[in-house]
Structures are given as C-alpha cells and as structure tokens.
Number of protein chains: 2
Amino acid sequence: MIDSPFGAVRHLDLFARMSDESFLRLTRAAYLQSFPAQLQLIAEGDPADFLHVLVSGRVELFSTWNGRETSMATVHPVSTFILAATVRDAPYLMSARTVEKSRLILIPSQDVREIFEQDIGFAKAIVNELARCYRATIRTSKNLKLRNSQERLANYLLRQLGKSGNRTRFELLAEKRRVASYLGMTPENLSRAFNALKAHGVEVDGSHVTIVDHDKLVAFACPHALLDDYAN
Amino acid sequence: MIDSPFGAVRHLDLFARMSDESFLRLTRAAYLQSFPAQLQLIAEGDPADFLHVLVSGRVELFSTWNGRETSMATVHPVSTFILAATVRDAPYLMSARTVEKSRLILIPSQDVREIFEQDIGFAKAIVNELARCYRATIRTSKNLKLRNSQERLANYLLRQLGKSGNRTRFELLAEKRRVASYLGMTPENLSRAFNALKAHGVEVDGSHVTIVDHDKLVAFACPHALLDDYAN
DNA sequence: TCTTCCGCTTGATATTTGTCAAGCTCGGGA
DNA sequence: TCCCGAGCTTGACAAATATCAAGCGGAAGA
C-alpha cells in the first residue's frame, strides 16, 4: 500500500489538503484500471457509482440527443471528472470515452460522500472544485451565446496558446473535429473559420498552430477575463 | 432578532439543515433591502462581497461582451444566486438587475465562507446547491448545442408547463424578449418559432400559453430527462 | 515502398438565424 | 376617452451556419 498508484493524484487540489487517514480511506476501495482507445467509459444517464480520475491518456466528455452528438470537454491528465454527479448521487449528464489508451482511478462515490462529511479539508476542496467547474460552464455558455464561430475559435486559440506556455506556437490537443464540436460548429465550418483567421494573424498546419501576429488576433478576438480566464 | 426577516429563508435547502447558532451567526451581519425595478444590483467582474437571496420580486442574471448582451437566467423568489463566486471569493461572472420591485437579503460572503468550515450541515447544502447549479448549466449548454431554436422553445414550454402544475395552460414568467435571449435567439426569431409551434399544438396569446395538443408537442420536442429535468 | 483509409478541406447549395424597417397592439397616463 | 409608447409581430433581405459531395493528403499498416 505504501507507494500505491494513488500517490500520483495526492497532489491534486481535490486531495491535497485532506488528512492522510482520509486519503487512505478514500483510496482503499479505489482501483487503477487501464482502458484501450475509443472505449466508452460512461453512458449518460447511468448512476454515478465512481468518481473518475484520469491519470494518463485522454478522455472525451460528450452528450447526445435525438441522434445528434456534441463534445462537451476533453479531459487531460491528471484531473477528475463527473464530480457533481458523484456528490449528488445522481445520474451522469455526460458520456465519456477514451480518445487514446488511458489509465483511470475509480473511487466509489459512496466513499467520496462519506469522507466529505468527515474531512473539512476535503469538503473545502470539493466545494472549490465544484464552484470552479460551475464557473467554467457558465463561461462556455457565455461563449456560445455571445460570440459567433470565428470569435469562439479565435479566443479558443488564444487560450490554448496561453496554456501551452509558448509565445507563438502550440499544438492542438484534440482532433479538429473534436475542437469543432466543442466549439459548437461543424468540422467544415471550423476549417473555414481557420481560413478566415489567416487575416487576423493565425497560421495552421495540421495540428500545428502559429500565432504570427498576436496583437492582430487579440484585436479581433477581444478576449475577456470573464469569458476566457477559465482558471479563475 | 426573534422573528427576524430572515425567517423567510430558513427553510431554503441551503439553510434548512444548519444549526440555529450557525444561522444566527450567518444572518447577524446580513440585511434585508428593497430595490426598485430595473436597478442593476451586480456588475459582472465586481468582487463577490455578498451572497444574494431574493425574497420577493424578480431578478435577471445577464452577461455582456463587446456590446452584446444575453440573459442567463431569471431568478424567482425565494432563492439564492451567485453562490459560486461567493465561495470562491472570485469576481461575479454575471450581472444582475431587478426586473420588478424586489427585496433581497445580502449576506457577507466572508461569513458564508467562515460558517461553511464550521457547520457540516451548511457545507453539505452548499455542495448540493453548487452541484445542482453546475448540472443545470450543463443542461443549458447541451440545449444550446444539440437543439435548434424551435426545439429549444418547444422544450422550454414543456418545462414551464410542468413547473406551473397545470395540465394545459400557463403564463410566461418573463417578457418574451427575455425568454428569447435566455433561449439564445432574437425576439423576432422567438416570434417565428411560436408561429412554427402552432403546427405542433401550441397556442399563444400575449404571455398566455396553451398546449392544445400535449402529445403532439412532446412528439416534436422530444424532451429528455438529461436535458430538461432541471430539478434532478 | 506502396496502399489504404480516415479525417480534413473545398466548393456548391440549403437551411437557419439575424438584421432592418415598418406596422400593430395593448395598457397606462393625460 | 384619446393618445402615446414599449414591446411584439411581420416581411424582406442579409449573414451565418449546416449539409452534401467530391477530392486531397498524411499516417498507419501491408
């Protein structure tokens, strides 16, 4: 048990400030599991039996209705997902599938709820994480309602550039069709939006994006902390 | 202090299961205030100094970007709003204005955060409320991305009918232009969507809506628990 | 190295949604 | 009672976005 596979997630905001004892109890019935690419992990509507932590690989959250499908988020390691369904003991609102080979830690939801009541550090972390997710989703809604597709893409690129830590170039972390769906448009429309952004300082080659004129792109995109600063 | 104006909110999910002592401490520095119609209560980006509880009247949450504005929600009494910004001590993501004359209870955010750490009943309620809001917002995003404007309106009407408790008729609880903005369309487009829904069993006269053929509307709207059942 | 296939791109076209302008309606105030 | 005006509706048109079809190209496998 010492040096367990769960050590990798101990530093996550969600677990960092809970007692060792609580962490041990939380992970006692948890297990680490590997999944191949393109495997559906979760079907929306299923009961939320486990809190999921992505340790390596990549997972897509998506939703369907009436034969249509939309990508809601791409999860990168190391982070948790579907915390809200877990704490409410409610059905998942989104489906999840691996995009590539992935390893996940599955923690019984029951344990999460129990330890939440006993460990104030964990409780605070859960509240913070939920509030953060809520605010991220509000931002997504604002993006969808206040911006057209070119503006959504332009600001998405600026955010990704910021995340990459680079000054001008970065790699798209998801396939373009996934990016398109995430941004609420078709792949064809994304392709055209990229073309349109050439006039605003963006160059694309495959998944390789170069912001050749940052000021110009900013002038077009008008990024705003209340829509684009997902960290806060 | 006995029979204080805060008794009206004690039964809310958020406050119902906290100790009397905690509730007293929470409301010690709180105050009840009346506001006229059309007054801006909150500007997005401001620090979240108070948790707001609407006691009577009506409040609209909205957001702006680049000269555009969209309605995010209409708050009806008795309920809280902007809990997430309060617990994170972060700036508001949405602005708020009264739609009609309203009374609100303002609770210092600092007190909310302090008592959260000391009262497990309150902490549980906050987590539940945050998770509920998060899930409601996910549903809103799914609505925007998976449905066109007629489908959004059709399902909105079915939800409002359910809330009203009636079998066929109900009143729109917000002005049509607000409904339009909430649903992510223009007032003109809403007007046309209402016309289109005549063919699916909907009749409108001002703010008075009659579902003359419920089965027909359901057949068109295809409501789904994971998109439309906001309570859960 | 060649082949195949999947995803991306492009063009043509259709549908959806927004914009602008005008007229209507209904309720409140003089 | 009449008048006024905000909000709603309608029509004509424009812009944004989706759909369909075809072709391209690069990566993985034979």
Side-chain angles (χ1 to χ4, degrees), chain A residues 36-38 58 60 65-71 74 97 99-101 143-157 171-200 202-209 220, chain B residues 37-38 58 60 65-71 74 97 99-101 143-154 156-157 171-200 202-209 220:
Chain A
Q38 300 303 331
R58 194 154 45 105
E60 180 187 24
W65 177 75
N66 235 11
R68 300 170 206 167
E69 176 179 322
T70 189
S71 179
T74 300
R97 69 164 73 94
V99 174
E100 49 192 61
K101 191 172 182 310
N143 253 292
L144 287 169
K145 292 178 75 177
L146 289 168
R147 288 172 171 161
N148 65 27
S149 58
Q150 290 179 23
E151 291 162 345
R152 291 199 297 278
L153 176 60
N155 282 289
Y156 174 80
L157 296 179
E171 296 289 317
L172 291 174
L173 295 180
E175 295 80 355
K176 282 183 181 167
R177 69 203 161 89
R178 253 179 266 279
V179 172
S181 183
Y182 172 72
L183 293 175
M185 62 184 97
T186 58
E188 294 96 327
N189 199 13
L190 177 70
S191 205
R192 292 179 178 114
F194 267 122
N195 278 331
L197 290 188
K198 280 179 190 166
H200 302 287
V202 175
E203 273 177 15
V204 200
D205 178 26
S207 68
H208 202 79
V209 179
F220 173 77
Chain B
Q38 300 303 330
R58 193 154 46 105
E60 180 187 25
W65 177 74
N66 234 12
R68 302 170 205 167
E69 177 179 323
T70 189
S71 180
T74 300
R97 69 163 74 93
V99 174
E100 49 192 61
K101 191 171 183 309
N143 253 292
L144 286 169
K145 292 178 76 178
L146 289 169
R147 288 172 170 161
N148 65 27
S149 57
Q150 290 179 22
E151 291 162 345
R152 290 199 298 278
L153 175 60
Y156 174 80
L157 295 180
E171 297 290 317
L172 290 174
L173 294 180
E175 295 78 356
K176 283 184 182 168
R177 68 202 162 88
R178 253 179 266 280
V179 172
S181 182
Y182 171 72
L183 292 175
M185 61 184 97
T186 58
E188 293 95 327
N189 199 10
L190 177 70
S191 206
R192 289 176 183 119
F194 267 123
N195 277 331
L197 290 188
K198 280 179 190 165
H200 301 286
V202 175
E203 273 176 16
V204 200
D205 178 27
S207 68
H208 202 78
V209 178
F220 174 77

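By convention in this document, chain letters (A, B, ...) are assigned in the order of the sequence lines, proteins followed by strands, and residues within each chain are numbered from 1. All figures in this text were calculated on a predicted structure; none of them were measured in a lab.
The separation between A:Asp205 atom CG and C:dC8 atom C1' is 12 Å, rounded to whole Å. Atom CG of A:Asn148 and atom C1' of D:dA18 are 15 Å apart (whole Å). Distance, B:Leu153 CG to C:dT16 P: 15 Å, rounded to whole Å. If you measure from atom CZ of A:Arg68 to atom C1' of D:dT17, you get 14 Å, rounded to the nearest angstrom. One can place CZ of B:Arg177 at 11 Å from P of D:dA6, the figure rounded to the nearest angstrom. Separating the CZ atom of A:Arg147 from the C1' atom of C:dG18 is a distance of 19 Å, rounded to the nearest angstrom. Residue A:Lys145 contributes atom NZ, which lies 14 Å from atom P of C:dT17 at whole-angstrom precision. As a whole-Å value, the separation of A:Leu144 CG from C:dG18 C1' is 17 Å.
Using the six-membered ring where Trp is involved, B:Tyr156 and B:Tyr182 have ring planes that are tilted, between 30° and 60° apart.
The stretch residues 185-195 of chain A touches DNA chain C through A:Glu188, A:Ser191, A:Arg192, A:Asn195, each having a heavy atom under 4.0 angstrom from the strand.
For A:Pro187 against A:Arg177, the heavy-atom pair with the smallest separation is CG-CB, 4.1 Å.
Partners of A:Ser149 under the side-chain contact (heavy atoms from CB on, under 4.5 Å) rule, at least two apart in sequence or in another chain, are A:Arg152, A:Met185, A:Asn189.
Comparing D:dT17, C:dT17, C:dC8 against the side chain of A:Ser149 picks out D:dT17 as the nearest.
For B:Lys176 (side chain) and B:Gly206 (main-chain N/O), a donor-acceptor pair under 3.5 Å exists by modelled atom type.
Two residues are said to be in side-chain contact when any heavy atoms from C-beta on lie closer than 4.5 Å; A:Leu153 and A:Leu190 meet this criterion. Contact annotation: the side chain of B:Glu151 approaches that of B:Asn148 to within less than 4.5 Å [non-hydrogen atoms, C-beta and beyond].
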